[in-house]
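In what follows, chains carry the letters A, B, and so on, assigned in the order in which the sequence lines appear, proteins first and then strands, with residues in each chain numbered from 1.
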Protein chains: 2
Amino acid sequence: MRERTSPTAAKAAPRRTAVSVDVVLLTPHGKTLATLLRRAPDLRSRERWMLPWDGARTDEMLENAADRIARDALGAAPAWLEQIGAFGDARRHPGEADISIAFVGLVAAGAPAPVGGDEAWFPLADIPALPPRHKQVIDTAFEAVRLRLDQVPIAFRLLPPTFTLTDLQGIYEILLGRRLHKASFRRALQTAWLVEPTDEWRSEGRGRPAQLYRFAPRKRRVSRRGVRFDLLGA
Amino acid sequence: MRERTSPTAAKAAPRRTAVSVDVVLLTPHGKTLATLLRRAPDLRSRERWMLPWDGARTDEMLENAADRIARDALGAAPAWLEQIGAFGDARRHPGEADISIAFVGLVAAGAPAPVGGDEAWFPLADIPALPPRHKQVIDTAFEAVRLRLDQVPIAFRLLPPTFTLTDLQGIYEILLGRRLHKASFRRALQTAWLVEPTDEWRSEGRGRPAQLYRFAPRKRRVSRRGVRFDLLGA
DNA sequence: TCAATAGTGTCTGTTAGACATTATGGA
DNA sequence: TCCATAATGTCTAACAGACACTATTGA
């Protein structure tokens, strides 16, 4: 057994640490997601990119800082914003932050490309070389979104206010990484009372036009489901 | 649309911030969970408690800091340890930390009571007045454990190496906050290949003795489940 | 007309929960 | 013996996935 430090030793004030707030913005992009990267000034004028970030301020809530950073990068507020954790290992950060507090933000499909030349959307499969900590943060962000998918209305934040059920299913397929069964998907959606039809239809090339729906949750699921034991890794 | 700051403005080094690492240790306690609190020295010699915590050090990974704090408080390593996020709102922290990075640790049932008089287990329903940020951290910790319950073998970390299936079901019922069906629970457990029986039995008062099992996952669940739409709150 | 996509009805295998029954110890 | 708990078999309703079919547009 280890020797135990006296509790009063822990009363010492925390040392001062360099802390950043880093934001992963995600938006649908074809059959995958894209994330917004900012050009990092580089003395050797190479192409270098990084996540939008800023130093944490003691006079500002972390959520507010993340929202500010996201608005600066996007020109608009993301449709959803949530913290995914603090990253404090030895991986390098572009601002030399000891600790980075990361947020993930969702942006509805069809967002305009960032106006300046300093930010751009990159498909997740085609991310350029990044500071190591940022690479880790992006991976964690995608995983966090996937894990919360059926508890939080994430998919609807990645779509405009009205959308087709095929659009919605496509988002779920991107996030889950696998195809879903169309009839089952719609049945589950119906019993969950999550969407309501509008009186508009959208024609997409050939084929029958699809009805547009809006997100309009009606019922509170009491979730009396059994245990699932979907345990991963050990 | 907001005026956008130049990207180079974000290149300024983050300011120095007081950061703490705070640990929520959880263990089963009757029909609920208990968390370990440490006595906070108070000048007016009132009873004041807080979570075990320490200042973050720049020469130490956050996970290592949490593990060290947990070992100091417990006298032993917790069976599981995971970060639950950074808390940086205005709520007061006992060390005046601007930002607290919180971890949750699981301790198997039957852990010995902490040796010194400075730490004690408190049932979740009976937590004394705490620094506001610590109250929030404990609530978040319990919620984080509940949400990860069917993705990570959390319940098994709250039990000793061998346990009865009734013990295991009890842990799930504590974490889910509702009763489960015994036969269904055992069927799901069987098809998941998560436990294997030992050749020991345990007699608990009257009734037939229960066979002891150990956690021994055999199969990797490929998880081809459909979407569930268990969306909460909006 | 054909091709392509939207949307739906039916069937079937799986599974969760209810219920009942047997098993096995202690009081 | 009686009681309490463990453990399991059977039935049924709910549901997910497969399949087929109709509907409706553009080319």
Take atom CG of B:D230 and atom P of D:dC15, then tell me their distance rounded to the nearest Å.
12 Å
All side chain to side chain contact (heavy atoms under 4.5 Å, CB included) counterparts of A:R206, not counting sequence neighbours:
none
Can you name the ring-ring contact (aromatic ring centres under 6.0 Å, His included) partners of B:Y172, sequence neighbours left out?
A:F229, B:F185
Rounded interatomic separation in angstrom, taking NZ from A:K182 and P from D:dC19
15 Å
Of the listed nucleotides (C:dC11, D:dT10, C:dG7), which one gets closest to any side-chain atom of A:R187?
C:dC11
For nucleotides 19-27 of chain C, give me one character per nucleotide, 5' to 3': B if any protein heavy atom sits under 4.0 Å from the base, S if the only such contacts are to the sugar-phosphate, - if neither.
----BBBBS
Under 3.5 Å, side-chain donor or acceptor atoms of residues 73-87 of chain B against the rest of the protein: list the pairs with distances, not counting sequence neighbours.
residue	atom	partner	partner atom	Å
B:E82	OE1	B:R148	NE	2.4
B:Q83	OE1	A:A86	N	2.5
B:Q83	NE2	A:A86	O	2.8

If I take atom CD in residue B:Q169 and atom C1' in nucleotide C:dA16, what distance separates them, rounded to the nearest angstrom?
13 Å
Separation of atom CH2 in A:W201 from atom C1' in D:dG26, rounded to whole Å
18 Å
At under 4.0 Å between heavy atoms, what does B:T166 touch on the DNA or RNA strands: base, sugar-phosphate, or nothing?
sugar-phosphate
For the student: nearest non-hydrogen atoms of A:I154 and A:V145, plus distance:
CD1-O, 3.5 Å
Just the rounded figure in Å: distance from P of C:dT8 to CD of A:Q211.
8 Å
What's the CD-C1' distance between B:Q190 and C:dT15, to the nearest Å?
14 Å
Atom pair distance, as rounded to whole Å: CD in B:E204 and P in D:dA7
12 Å
Taking for A:L212 and for B:F185 the nucleotide of DNA chain C with the nearest heavy atom, the one nearer the 5' end belongs to A:L212
Please report the distance, rounded to the nearest Å, between CZ in A:R228 and P in C:dT14.
15 Å
For A:S184 and for B:R186, find the nucleotide of DNA chain D with the closest heavy atom, then tell me which residue's nucleotide is more 5'.
B:R186
What residues, two or more places apart in sequence or in another chain, satisfy side chain to side chain contact (heavy atoms under 4.5 Å, CB included) together with A:T198?
A:T162, A:E200, A:L212, A:R214
Using the ring-ring contact (aromatic ring centres under 6.0 Å, His included) criterion, which residues pair with A:W121? Sequence neighbours excluded.
none
Point-to-point distance, once rounded to the nearest 0.5 Å, from CH2 of B:W49 to CD of B:E119:
8.5 Å
